[in-house]
Protein chains: 2
Amino acid sequence: MDEETLQTALDTAEALCAQRGVRFTAQRRRVLELVCRAERPVGAYEILPQLHTGATAAPPTVYRALDFLLEQGLVHKLETLHAFIGCTHPEHPHASQFLICADCGRVKELENEAIAGSLRSAAQETGFHPKRPVIEVLGTCAQCTHKAESV
Amino acid sequence: MDEETLQTALDTAEALCAQRGVRFTAQRRRVLELVCRAERPVGAYEILPQLHTGATAAPPTVYRALDFLLEQGLVHKLETLHAFIGCTHPEHPHASQFLICADCGRVKELENEAIAGSLRSAAQETGFHPKRPVIEVLGTCAQCTHKAESV
DNA sequence: CGCACAACTGTTATAATGTTTCGAAAATGC
DNA sequence: GCATTTTCGAAACATTATAACAGTTGTGCG
């Protein structure tokens with residue numbers, strides 16, 4: 001995420017939190033910034049040492065901030081990687097899908113209604129009530145596929 | 001899984017392994033049995049103490065068996081639960097979806113072509129090559145929804 | 001058979017991820 | 001300002017997973 005996009009993301013986050021009446025504290029802002037700056041999903045323990053200038057913070061510090069950001073839909077957790085990634089469109093609640101490149105580590109967030117819809121209707125057929133869908137596809141992105149073929 | 005279904009599952013597993021030229025050792029059989037006997041997904045560390053009569057086995061023992069069973073498609077790993085579940089139809093490779101009840105803990109394995117297909121085509125649009133799709137939906141099953149409403 | 005090799009298993013130690021708990025500090029509302 | 005709620009700091013601990021190395025068992029083959 002480039003500097004400009006980052007600033008927009010932080011501003012959006014701040015506005016959303018104000019609107020929802022929840023506190024977007026300096027610490028939460030900092031964690032969101034660190035997650036967004038990364039090109040790839042980042043683990044909680046990668047963020048940790050970047051929180052304090054002197055000694056590194058303790059795990060609950062970062063997990064609390066991440067929990068808050070998850071609740072507010074400002075970041076997503078990738079279960080298959082045990083890592084976090086900034087949300088690309090936090091304005092509205094949504095069911096996302098993630099394409100995770102096993103080669104370069106980059107992740108593409110989709111918001112595909114066909115996938116979400118087919119999942120919803122399949123669940124409905126069995127009487128199941130979905131709360132949180134987790135859809136992550138491990139594979140190879142277009143760029144890395146191309147690179148591999150040209151070798 | 002009842003006793004009869006379990007025996008069938010173990011026999012099927014044995015036949016599949018023989019056919020593929022891989023070893024279905026006593027230990028692997030035992031781990032598969034323990035996973036299948038459970039009504040719910042089981043963690044690796046739940047299986048561990050059941051492996052030895054005297055002292056409990058060490059983690060790598062059970063993880064190695066589970067890795068084998070995963071490779072052979074005889075069990076699935078639920079990433080959101082860090083737990084394992086017996087596969088309901090191991091005969092053919094397949095992309096499954098899992099409906100996980102947060103209330104009773106039970107899991108329903110789906111094999112829905114509409115979901116798999118829409119995911120495939122969404123990935124294809126971006127040039128992404130899927131290897132391992134992970135589709136897990138946390139929610140409430142029909143039975144538990146009914147129970148909750150009748151209270 | 002008996003040897004060589006590969007595959008599987010045991011064991012110790014350690015890494016990586018996540019949680020509980022208790023208490024201090026800061027912000028909020030009145 | 002003062003009580004209440006929320007957030008933050010810190011120590012200890014729980015859970016999940018892997019690395020490394022040695023021993024054992026099975027398999028193929030002369």
Side-chain angles (χ1 to χ4, degrees), chain A residues 13-14 17-18 20-35 38 40-72 74-85 105 134 136 138, chain B residues 13-14 17-18 20-35 38 40-72 74-85 105 134 136 138:
Chain A
E14 184 156 12
C17 288
R20 293 172 187 167
V22 296
R23 290 197 225 157
F24 191 57
T25 65
Q27 185 141 232
R28 290 167 177 174
R29 181 188 198 92
R30 178 89 177 113
V31 171
L32 179 57
E33 182 184 340
L34 290 168
V35 171
R40 278 164 258 283
V42 287
Y45 281 77
E46 286 177 70
I47 298 170
L48 213 34
Q50 303 179 61
L51 279 187
H52 271 9
T53 48
T56 95
T61 299
V62 71
Y63 278 107
R64 278 190 288 234
L66 287 170
D67 284 348
F68 171 86
L69 297 170
L70 284 169
E71 271 168 27
Q72 299 303 322
L74 298 169
V75 303
H76 293 294
K77 174 166 191 180
L78 298 174
E79 296 287 346
T80 50
L81 301 180
H82 306 289
F84 301 84
I85 189 175
V134 172
E136 302 174 12
L138 298 166
Chain B
E14 184 157 12
C17 288
R20 293 170 187 169
V22 296
R23 289 196 226 160
F24 191 57
T25 65
Q27 185 143 232
R28 291 166 176 175
R29 180 187 200 92
R30 177 91 177 112
V31 170
L32 178 58
E33 182 185 341
L34 290 169
V35 171
R40 279 164 258 282
V42 286
Y45 282 76
E46 287 178 70
I47 299 169
L48 214 35
Q50 304 179 63
L51 279 187
H52 270 11
T53 47
T56 94
T61 299
V62 71
Y63 277 106
R64 279 191 286 235
L66 287 170
D67 284 347
F68 172 86
L69 297 171
L70 284 169
E71 271 169 27
Q72 299 303 319
L74 298 168
V75 302
H76 293 294
K77 175 167 191 180
L78 298 174
E79 296 287 345
T80 50
L81 301 180
H82 305 287
F84 301 84
I85 189 176
V134 172
E136 302 175 13
L138 298 166

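If you're wondering where the values come from, they're calculated on a predicted model, not measured in any experiment. The analysis underlying the following values was restricted to heavy atoms, covering all of them including side chains, and did not include hydrogens, waters or symmetry mates. Throughout, a chain's letter reflects where its sequence line sits, starting with A, and its residues are numbered from 1.
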Counting only side-chain nitrogens and oxygens, does B/K77 get under 4.0 Å of the OP1 or OP2 atom of D/dA17?
yes
Value in whole Å for how far the P atom of D/dG26 lies from CD of B/Q27:
12 Å
Where B/A57 and B/L48 come nearest, the two heavy atoms and their spacing:
O-CG, 3.3 Å
What is the nucleic acid contact for B/A58, judged by heavy atoms within less than 4.0 Å: base, sugar-phosphate only, or nothing?
base
Is there a donor and acceptor pair, one atom on the side chain of B/Y63 and one on the base of D/dA19, closer than 3.5 Å?
no
Which atoms form the tightest heavy-atom contact between B/A83 and B/G43, and what is the distance?
CB-N, 4.1 Å
Between A/T80 and B/E79: side-chain donor-acceptor atoms closer than 3.5 Å
no
For a side-chain contact (heavy atoms from CB on, under 4.5 Å) with A/V75, tell me which candidate from A/V35, A/I85, A/V31 qualifies.
A/V35
What does B/T61 touch in the nucleic acid at a heavy-atom separation under 4.0 angstrom: a base, only the sugar-phosphate, or nothing?
base
To the side chain of A/R64, which of C/dG10, C/dT21, C/dA7 is closest?
C/dT21
First of B/R28 and B/P59 reached from the 5' end of DNA chain C, by closest nucleotide
B/R28
Name the residue closer to the 5' end of DNA chain C, choosing between B/Y45 and A/A44 according to the nucleotide with the nearest heavy atom.
B/Y45
By nearest-nucleotide position on DNA chain D, the 5'-leaning member of B/L81 and A/A65 is A/A65
Counting only side-chain N and O atoms of A/T25, is one of them less than 4.0 Å from OP1 or OP2 of D/dC8?
yes
Short side-chain N/O contact to D/dT15 OP1/OP2 from B/H82, under 4.0 Å:
no
Please pick, from D/dA17, C/dC8, D/dC8, the nucleotide with the shortest atom-to-atom distance to any side-chain atom of B/R23.
C/dC8
